[in-house]
Each structure stands twice: as C-alpha cells, then as structure tokens.
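Since the structure comes first, as structure tokens, the remarks are kept for the end.
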Amino acid sequence: MPTQALTQYERERLENIRRNGEMMAALKLQHKANELSTAAKRPRQEIKSFNNDLEKKKPKIEAPIVIRRSLRSRGLPPDSSTAAGLEDDLLPSPGRFNSQSSPQGFPVDRSGPLAVKEAHSGGADDRLLLDTILCMSENAPLCPAKKFKEGTASGLNLESLTLKEENVARVVRGRILNVRFLPSGDRTVVIVGDKLGNVGFWDVDRKEGEGDGIYVYSPHSAPVSGISVQPYSLCKIFTSCYDGFLRLMDVGEEKFNVVYSGDEAIFSLSQLSSESGSLYFCEGRGGFKIWDLKTGKASSSFSLHTDRINSIDFNPANTNLVATSSTDGTACIWDLRSIRKGAPKSVSTITHKKAVHSAYFSPSGNYLATTSVDNTVGLASGANFADTTMISHYNQTSRWISSFRAIWGWDDSYIFLGNMKRAVDVISTIDRTTISLVSSHMTAIPTRFAAHPLTVGALAGATAGGQVYLWTSV
DNA sequence: TATTGAATTATGCAC
DNA sequence: GTGCATCCATTCAATA
C-alpha cells in the first residue's frame, strides 16, 4: 500500500485499525471457536429476525468504529493534503481503511461506490426487495415524502392503536438511530439505520411465501445518523453516517453511491418534500450544509450552533423556515432567505437547560416540538414561535439507549415519544396530558419513531436491540 | 476554555 | 432464570 500517498489523518486511522485488529485477533480466536461450535443451535427469539446465515459464514473481522474528527477539533495543524485525501475517498481503492468483510469473506471497500450486492449482509435474497421497491416506485411516481394532509384533522382514535404480534421484527443487530417509512400507500416498508452502519429494510406487507421480509445492507462503517427518501422517487434513498459519508442507495442502479465525503461526522440529514435538488445536513460541531446534488458541491455552509446538531426539520407551511436542535441546549428556527454567514441570527430560539435532541414542526407548521434531556418536551407556537411551554417528561435514557425524540402524528393534536417503562407516550397538545400505550409484545424501550406519511395510525418505534414495533390503527 | 475522567445501566446472548 | 459483555453516548464535574 502506498502509505506515502496518505494524509497524516489516514495514516493515524490505519495505525489505529491495525492496533485494534491485533487486539481483536487475540480476543476473537477463542470467541470464534465458541461461535462456530454454537452457531448451529440458535433460535431462542420467537420474533422474526434477519437470517444471519451470511453473518455466520463470514469471518468476523470487525472494523473499529472510526468517527471522523477534523484536524482542528483534534488540535492538529492543518494538513495541506487533506483536500487531495478527500478526493481520494471518492475513488475505489481496495484494501484501504474502511474495509470490512463481505458475505463472501472478501474485504469490502467502503471508501467508494458499493454495489448493493456487495453491501448486502443479512436477510433473504434481496432480489424480491429491489423489485418490490421498483414496483412501488412505478405505481406511485408522484408521491412526495410529506406528511398526511398537512394540518387537517386525521381522525385518529388513540384507542384504536394496537401492536399486533406479527408487527414486531428484529430488523438489524445494532442500536437503531433512525427509522423511516417508504412513502407509499401501496405497501408498508420500514427502513432503519443502526449504530453498526447497517441499513435494514422490513417489507411488512409481503405476501405469503415471500419469507420474513427482512433485508440488511452494510453500506457504512459507523452509526447511521440519517435516512431520507428522495421526494418523488422511492428508489433513491439517502443515508448519512458518523463516518463522514453521505450515500445514495439507488435501487434501479443497484448501487450505494458516495454523494459526499467529509472530514467530520454527519449527525443529521434532511430534504425538502417539495424539492429534490438539494440535501441538508449537519456535521461536526454546529456545521450546516446545503448540498447541491446536480453540481456535487455545497451551495451554502453555515456554522449555526456551538455543538452538534441533532435534527433538521422544515416547516411544511413555509419551507423557508428550518428548525435545528443541538447539544448546545438550544433549538433554533432559521429563515433560509436571510441566514448570514458570519453571525447567523435565528428567527426564534428555544432554550433548554440541557441538550436538545429534536425539534420538529407540526403537520400544519403552527407548532414546534422539542425534546431535551432536561426532562421536558417544549411546545412553541404563535408569532415567530415565541410562545413556549414546557411539558414535563422523563427523558433520561441510559448509556445503551438512544435519546428520545418526540415526533408528530398525522395532525397537530398528538406528539409521540418513548418511555423508559417500555411504552409509547402520547402527549395531547390540546390539554397537555400524557397517556402511555403499552403492549406485552413491546419487550424493549422504543426510542426513535416514524409516523407513516400516508397511512394514519401506522407508527413505527425502534429500539436499541434492533427491533421495530409497528403500531397500527384498526 | 479545553481536556479528562467518572458515572450512568438496557439489552442480547450464552448457558 | 442468571450472569456477562457491550464500550467510542452523553453529561457533568474536576482539573490544567
């Protein structure tokens, strides 16, 4: 390997990986022997889960999670070859860092475009999934990824929400950070991203004889921080990752292409439901970028917070307004038309006592709901969202559990979020009361949620154990 | 102000 | 049912 062509940063990473590899090798010898001898007997879990035959076959060479940090944040001097190194990242170069074993046992290079086949790491033969998505895409080519009938009464009856036994699945192995629905009314497909870099699909409405409907890909080498389905095109799915990569899963092309590769971890990703030319993402400590997909360049770049930005959300009624939530303890609403580079000024700032993990606009755009580790859910409304009320909610998740993020349902009346007692809490915005949805099928704490954009009552909750619970309205 | 270290404790898996 | 490994999240207090 031509080490002289690598940047200092990359050399450090290689060294780190080598050290980890040595340690792993020592630790894993015994572990692997145990694994092989016990791999035959397994199914303890009653719920359906991805078939890990492929996982069993491949030698487990676990690449360490390498979180990208800028030279600046690591207190190192600027490296003149960084830009070149970045270019390098976009080219396939076998044997480079970021490699992990494929199902076939060959190392997978995660620094360039990846074939879907190469990234496929678990679950059934994925031909069926790819064809299903293509078919869904053809049937609903003009179906935008936006909320159900913005702001109008959805007619949801909370008491009708149930969790059926068959609507529980273990989709991925790691802790889920992100859950989404494919925006189609035809067929329910859930997409999740986990801490290990896996992107899992669950085809809930599969037909008899089509297997368990679970498919797993490993396009990333670190936690998947965002999933966004391209508006008007179900077969283009963007994912962002702590490894600094933004990828596009193109179902038609059968590729996980590299859209962007930066030096810092990407913590959040969003797109406008009405426009498909740009990606909006946050990286490092407070960085916000607008990425032009046509030119492949950043059209804007701002520093909006002093710490990581955990979520980005557009106001459905006025898409010039974007809300960001940050570990710096604030959630801000920005007007994209008047944001200034030097000292950006927010339209409104909601201040919490601790980190804010989400800030989402209600379907009508009249409210903003924030979730903070200071044990509150904030509700902002009125002119410039200046009227703020704080609703008490226990948000202390432990080390192994992702932070809670309160999401909106199908109209402005309810907010959904996790509860440490293995329940889904529903806050009514009308009387500010909280009720809990419980089920004996929910054996872990749901922390990240998605409301189906077209089906009222279809609510997916995801856990630290890779499970997804799909609540439905009957 | 930046860095370091302690504390937190749910889940899956193997037995 | 019990015990163990996970480990790179996040916060906060203590330190330089």
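Letters A, B, ... mirror the listed sequences (proteins, then strands); counts begin at 1. Values below: every heavy atom of this structure, side chains too, minus hydrogens, waters and symmetry copies.
When the C1' atom of B:dA10 is taken as reference, atom OH of A:Y394 falls 12 Å away, rounded to whole Å. One interatomic measurement links the two molecules: CZ of A:R173 to C1' of B:dC13, which rounds to 11 Å at whole-angstrom precision. Rounded to an integer number of Å, the gap from A:F404 CZ to C:dA9 C1' is 15 Å. Atom CD1 in A:I401 sits about 21 Å away from atom P in B:dA7, given to the nearest Å. At whole-Å resolution of the value, CG in A:D328 and P in B:dA2 are 14 Å apart. Taking atom CG on A:N419 and atom C1' on B:dA10, their separation rounds to 14 Å, with Å as the unit. Here the P atom of nucleotide B:dT8 and the CD atom of A:Q396 are 13 Å apart, to the nearest Å. Distance A:M420 CE to C:dT10 P: 14 Å, rounded to the nearest Å.
Neither OP1 nor OP2 of B:dT11 sits under 4.0 Å from any side-chain N or O of A:Q467. One finds no side-chain N or O of A:K195 lying less than 4.0 angstrom from the OP1 or OP2 phosphate oxygen of C:dA9. Taking side-chain N and O atoms only, A:R399 has no distance below 4.0 Å to OP1 or OP2 of B:dT11. Phosphate contact (OP1/OP2 of C:dA9, side-chain N/O of A:R175, threshold under 4.0 Å): absent.
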Anything under 3.5 Å between a protein N or O and an N or O of nucleotides 12-16 of chain C, put it in a table, one pair a line.
unit_1, atom_1, unit_2, atom_2, d
C:dC12, OP1, A:K354, NZ, 2.9

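The A:T327 side chain lies nearest to C:dT11 when the options are C:dT11, B:dA10, B:dT11. Minimum atom distance to the side chain of A:R170 is reached by B:dC13, of the listed B:dT11, C:dT10, B:dC13.
Within the 3.5 Å criterion, the main-chain N or O of A:D307 finds no donor-acceptor partner in the side chain of A:T327. Looking at A:S372, its side chain does come within 3.5 Å of a backbone N or O of A:K354 through a donor-acceptor pair. Not one N or O on the side chain of A:N257 forms a donor-acceptor pair closer than 3.5 Å with the backbone of A:P113.
Of the residues in residues 369-378 of chain A, those lying under 4.0 Å from DNA chain C by heavy-atom distance are A:V373.
The distance between the ring centers of A:F238 and A:Y260 does not fall below 6.0 angstrom.
A:S270 and A:D313 are not linked by any side-chain donor-acceptor pair at a separation below 3.5 angstrom, with hydrogens and angles left out of the test. Counting only N and O atoms by type, the side chains of A:S403 and A:R448 include a donor and acceptor under 3.5 Å apart. Under the 3.5 Å distance criterion, with hydrogens and angles disregarded, a donor-acceptor pair is assigned to the side chains of A:S325 and A:S311. Side-chain contact check for A:T188 and A:D205: at least one donor-acceptor pair (N or O, by modelled atom type) lies under 3.5 Å. Side-chain N/O atoms of A:H393 and A:T434 include no donor and acceptor closer than 3.5 Å.
Contact of A:W400 with B:dT9 (side chain to base): a donor-acceptor pair of N or O atoms is detected under 3.5 Å.
A:D194 has no carboxylate O lying under 4.0 Å from a charged side-chain N of A:R173, or vice versa, which leaves the two without a salt bridge.
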